[in-house]
Structure formats: structure tokens, C-alpha cells
Amino acid sequence: MRQSLVVGNWKMNGTRASAELLVKDIIAGLESNNSGIAVCAPYVYLPGIGELVKNTRLALGAQNVADKPSGAFTGEISAAMLSEFDCKYAIVGHSERRTYYGDTNESVAARFCQAQEKGIIPILCVGETLEQREEDQTFSMINEQLDAVINLTGIASFDNAVIAYEPVWAIGTGKTATDEQAQEVHQYIRKYIAAQDQAIADKIQIIYGGSAKPENAKGLFAMLDIDGGLIGGASLDAESFLKIYHSI
Ligand code: 13P
């Protein structure tokens with residue numbers, strides 16, 4: 001049985017004070033539950049939040065990680081740096097990074113690799129745009145996004161990774177994929193991995209992201225291949241984030 005996982009992606013929101021308050025409220029509201037829970041905070045808030053989550057069930061993650069280990073890469077944050085702040089996870093290949101900051105399948109694969117080398121679990125985001133969905137390119141897009149990582153690091157690297165299916169058309173738009181639409185792609189991803197390694201496919205957490213909220217989380221999480229969620233807007237409010245988590 002796979003463990004479920006709910007991750008908050010705060011994106012570029014909040015202040016130091018609001019971030020710390022949010023974390024305190026999340027910790028205070030956590031009911032016993034066997035599923036994993038994490039928040040991916042802006043880099044600068046990681047040290048402060050790292051202190052707050054010590055000895056709690058709430059794990060910490062970053063929203064990105066550099067594709068190189070160190071050196072003259074102004075503005076980048078390495079996996080080694082993140083690992084100094086108890087970062088358990090790092091998101092790689094979020095569609096906002098791919099769209100606005102030029103991340104490519106290849107650079108995302110390198111980020112994935114860097115995270116793992118420092119013991120950080122990459123949360124690899126994959127997903128199609130509306131145009132690609134309408135042109136029946138959903139699965140070929142997903143193949144390309146997965147293959148870039150598989151070709152660089154091998155299928156075995158998915159033994160310690162999370163995949164987030166985030167249809168670009170559902171992110172921040174209020175348009176959630178239906179339970180069946182999301183399940184169809186999650187099942188596809190699991191089968192794609194299974195074709196190369198059944199044990200990894202059975203074990204890997206594939207979580208859904210894109211306008212997930214308390215009202216639709218239960219239905220999504222009930223689907224066979226949906227192991228949790230990567231939550232944007234609704235993770236900025238402790239009550240709604242906890243409701244989503246507790247509906248697993
Ligand atoms: P929303 O939940 O705000 O649609 O964002 C989803 C997302 O991008 C999580 O990474």
C-alpha cells in the first residue's frame with residue numbers, strides 16, 4: 001500500500017511573519033493520519049520554517065533547485081545548500097518554471113539529479129497545456145517529460161521520487177481536472193513506469209495538482225492512482241490545506 005502525500009506549494013506568496021504563522025497553524029491542526037504532509041516555501045523562509053517543523057510530522061520542501069552542484073551561477077540555490085536546512089523535498093519542473101523561466105526537460109532532469117545526489121526527494125512536475133490536450137498530445141508530452149529524467153538518471157532513480165501530474169490548464173484557473181481525467185493520466189504514468197520497473201511503479205507516489213481544494217480533494221484522492229496532491233492557492237490557508245490533507 002502506498003503512503004499518500006499532500007504538499008503545499010506556496011509559490012511567491014506571503015511574508016516571513018505570515019509564513020511562520022501558517023506553519024504553526026498547520027502543525028497545531030494536524031490530526032493523526034498516516035499520510036505525509038509537506039510545505040514548499042520560498043527559499044528565504046526555509047531556515048525559519050525549518051526550526052518550526054523540527055520534531056513534527058510536517059516536512060519541508062523547496063520550490064526548485066539548481067541544475068548544477070556549485071559555482072558561478074548567480075541567483076541559484078544548490079541542493080547542498082537546501083540539505084543544510086532539512087529540506088526533504090524539492091519541486092522540479094513546475095510548469096511556471098518551464099513557462100516563465102525557461103526550464104527545459106533537460107534542465108529539469110539535471111535538477112532532479114542534483115536533488116537526489118544530496119538526499120532530497122524531487123517532486124517532478126509533468127503535465128500538458130490546454131492546446132496540447134486538445135490536440136491529443138497529453139500522453140506524448142508526459143512521455144517526453146518522463147523520458148528526459150529516465151534517460152539521464154535511469155528508471156531506478158524513481159525509487160526515491162514523487163511525480164506530480166499538473167495539467168497546466170488547471171493551475172490557478174479554478175478549472176480542476178475531473179476525477180476521471182486526472183485518474184486517466186495518473187494511470188498512464190504508472191503504466192509507463194511499470195513497463196520499465198513494476199516494483200517502482202507500484203511504490204511511487206503520483207500526486208495531482210491544479211485547483212485542488214477542500215471541495216474536490218476527496219473525489220480526486222479516492223481514485224486508484226492518485227496518491228495525494230500538490231496544492232497551490234488552497235495551501236496558503238491553514239484551514240483549507242488541513243481540510244484537503246484530512247480528506248485523504
Ligand atoms: P493551484 O492549486 O493554485 O491551482 O496551483 C497548483 C500548483 O501549481 C501546485 O504546484
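Keep in mind the model is a prediction, meaning the values are calculated, not measured. Counting starts at 1 for both ligands and their atoms, following the listed order.
- Distances shorter than 4.0 angstrom do not occur between any heavy atom of A164 and any atom of ligand 1.
- A distance of 6.0 Å or more separates the ring centres of F221 and Y245.
- Judged by the shortest distance from any of its heavy atoms, K213 lies outside the 4.0 Å radius around the atoms of ligand 1.
- Considering backbone and side-chain N/O of K11, one or more are found under 3.5 Å from N/O of ligand 1.
- Residue G233 has at least one heavy-atom neighbour below 4.0 Å for each of these atoms of ligand 1: 1 (P), 2 (O), 3 (O).
- Numbered from 1 in the order shown, with element, the atoms of ligand 1 that lie under 4.0 Å from a heavy atom of H94 read 7 (C), 8 (O), 9 (C), 10 (O).
- Contact atoms of ligand 1 toward S211: 1 (P), 2 (O), 4 (O) (distance under 4.0 Å to a heavy atom of the residue).
- Within the 3.5 Å criterion, the main-chain N or O of T104 finds a donor-acceptor partner in the side chain of S107.
- Of the N and O atoms on the side chains of W10 and Q63, not one donor lies less than 3.5 Å from an acceptor on the other residue.
- Listed by atom number, the atoms of ligand 1 under 4.0 Å from G210 heavy atoms are 4 (O), 6 (C).
- Under 4.0 Å from ligand 1, heavy atoms of L230 appear from its side chain as well as its backbone.
- By the 4.0 Å N-to-carboxylate-O rule, D237 lies too far from K213 to be salt-bridged with it.
- Ranking protein heavy atoms by distance to atom 9 (C) of ligand 1, first place goes to E166 OE2, 2.8 Å.
- Using cut-offs of 30° and 60° for the angle between ring planes, the H186 and Y165 rings count as perpendicular.
- Counting atoms of ligand 1 from 1 in the listed order, those under 4.0 Å from a heavy atom of A170 are 4 (O).
- Taking all heavy atoms of C125, G232, G172 into account, the minimum distance to atom 4 (O) of ligand 1 is reached by G172.
- Under the 4.5 Å side-chain contact rule for hydrophobic residues, I163 and I226 share a cluster.
- For the residue pair Q183/D225, the side-chain donor-acceptor check at 3.5 Å is satisfied.
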Taking it one step at a time, do R98 and D103 satisfy salt bridge (charged side-chain N to carboxylate O under 4.0 Å, His left out)?
CA-CA 4 Å; R98 295 180 191 260; D103 281 16; over 6 Å; no
